[in-house]
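In what follows, a single structure is set out as structure tokens and then discussed.
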Amino acid sequence: MFVLRPESAADGPAVESLLDLCFGPNRHAKASYRFRGGVPPVTSLSFVAEEEGTDLVGAIRYWPIRLGAASALLLGPLAIRPDRQGRGIGRVLVFRTLADALALGHRLVFLVGDPAYYRRFGFEVAPRTIVMPGEQPWRLQYALLGDGRLLEAGGTLRPERPLERPEGADVALDQGIRYNQPVGA
Ligand SMILES: CC(C)(COP(=O)(O)OP(=O)(O)OC[C@H]1O[C@@H](n2cnc3c(N)ncnc32)[C@H](O)[C@@H]1OP(=O)(O)O)[C@@H](O)C(=O)NCCC(=O)NCCS
């Protein structure tokens, strides 16, 4: 039995330990981490899975990125503690946060991962014209939410730098639906 709840600042060390456990301490060398340096995650979409109110067994985060003029999200990291994998925790975290992302107005999500896992959530391999430097093209995937469309035929994904945000952009990124109660899985 596990519950989902928004990640809090106090969860930081436990989430970092979980990510080290799942991806190894060299995870920061991955190309996708360049999109995370110096930019905070989208707090309203950062969730953890907790078992019986004690151990943290899963975590998901999203980051703001851009494809040309279009705002998008970068899903990840997503990590489930190895001894709790295969129990649907990853599935619940992804479905729940994608639904929240849609409700918050997001329409385009990218990730770098295994297509065989992410297909079930509506992700497909991105067109070769869309590039994340340093990542293998077959692992770069995208999903359109709601009435989302790929407005750019191609281009290089780049991080959303705080200084580049147009005035008011924070509203879409950070105005979260606040969950006061843990949500049963
Ligand atoms: C990948 C991961 C997030 C999946 O979470 P999970 O809670 O274990 O997965 P779920 O219980 O929701 O789903 C299990 C299903 O996913 C499948 N699956 C798990 N990892 C997979 C992978 N890498 N490729 C394809 N399918 C995968 C399982 O075979 C199972 O399939 P089934 O539903 O047909 O039986 C988790 O295993 C994990 O943290 N792995 C290590 C870190 C990682 O690779 N993160 C993702 C990179 S972006």
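One-based numbering, in listed order, for ligands and for the atoms of each. Computed from heavy atoms alone, side chains included, the values below leave out hydrogens, waters and symmetry copies.
In the model, Ser8 has a side-chain atom that pairs as donor or acceptor with a side-chain atom of Asp11 under 3.5 Å. When only modelled atom types and interatomic distance are considered, Ser46 and Tyr62 share no side-chain donor-acceptor pair under 3.5 Å.
Atom CZ of residue Phe2 and atom CG of residue Leu56 lie 12.5 Å apart, to the nearest 0.5 angstrom. Note: Ser17 OG to Arg81 CZ = 11.5 Å, rounded to the nearest 0.5 Å. In this structure, CZ on Arg84 lies 7.5 Å from CG on Asp55, to the nearest 0.5 angstrom.
Panel note: side chain Arg96, backbone Ala99; no donor-acceptor pair is recorded below 3.5 Å. Between the Thr156 side chain and the Val131 main chain, no donor and acceptor come within less than 3.5 Å of each other. Between the Glu7 side chain and the Arg5 main chain, no donor and acceptor come within less than 3.5 Å of each other. Distance alone, capped at 3.5 Å, places no donor-acceptor pair between the Arg107 side chain and the Arg149 backbone.
Under a 4.0 Å heavy-atom criterion, Ala79 is in contact with ligand 1. Within the 4.0 Å heavy-atom cutoff, Arg120 counts among the residues contacting ligand 1. Residue Leu75 places no heavy atom under 4.0 Å from ligand 1.
Of all the heavy atoms of Asp114, the ones lying under 4.0 Å from any atom of ligand 1 belong exclusively to the side chain. Neither the backbone nor the side chain of Arg84 has a heavy atom within less than 4.0 Å of ligand 1. With a 4.0 Å cut-off on non-hydrogen atoms, Leu111 does not touch ligand 1 at all. Contacts between Tyr118 and ligand 1, counted as non-hydrogen atom pairs separated by less than 4.0 Å, involve the side chain only.
Among Tyr117, Phe23, Phe2, the residue whose heavy atom lies closest to atom 20 (N) of ligand 1 is Tyr117.
Outside the 6.0 Å centre-distance limit, the rings of Tyr142 and Phe123 are not counted as a close aromatic pair.
Taking any N or O of Gly90, backbone or side chain, at least one lies under 3.5 Å from an N or O belonging to ligand 1. Taking any N or O of Leu78, backbone or side chain, at least one lies under 3.5 Å from an N or O belonging to ligand 1.
For atom 29 (O) of ligand 1, the protein comes within 4.0 Å by no heavy atom at all. Distances from atom 35 (O) of ligand 1 to the protein include no heavy-atom value under 4.0 Å.
Looking only at heavy atoms of the protein, atom 39 (O) of ligand 1 is closest to Ile80 N, 2.8 Å. Protein heavy atom in closest approach to atom 6 (P) of ligand 1: Gly86 N, 3.7 Å. Closest to atom 40 (N) of ligand 1 among all protein heavy atoms lies Gln85 NE2, 3.3 Å. At the shortest separation from atom 11 (O) of ligand 1 among protein heavy atoms lies Gly88 N, 2.6 Å.
Close contacts of ligand 1 with Val112, meaning ligand atoms under 4.0 Å from a residue heavy atom, involve 48 (S). Taking every heavy atom of Arg91 and a limit of under 4.0 angstrom, the matching atoms of ligand 1 come to 12 (O). Taking a cut-off of under 4.0 Å to the non-hydrogen atoms of Ala116, the atoms of ligand 1 that pass are 25 (C).
Applying the 6.0 Å contact sphere to CZ of Arg120 captures more than 12 heavy atoms from other residues, nucleotides or ligands.
Between Tyr118 and Phe121, the ring planes are tilted. Angles from 30° to 60° get that label.
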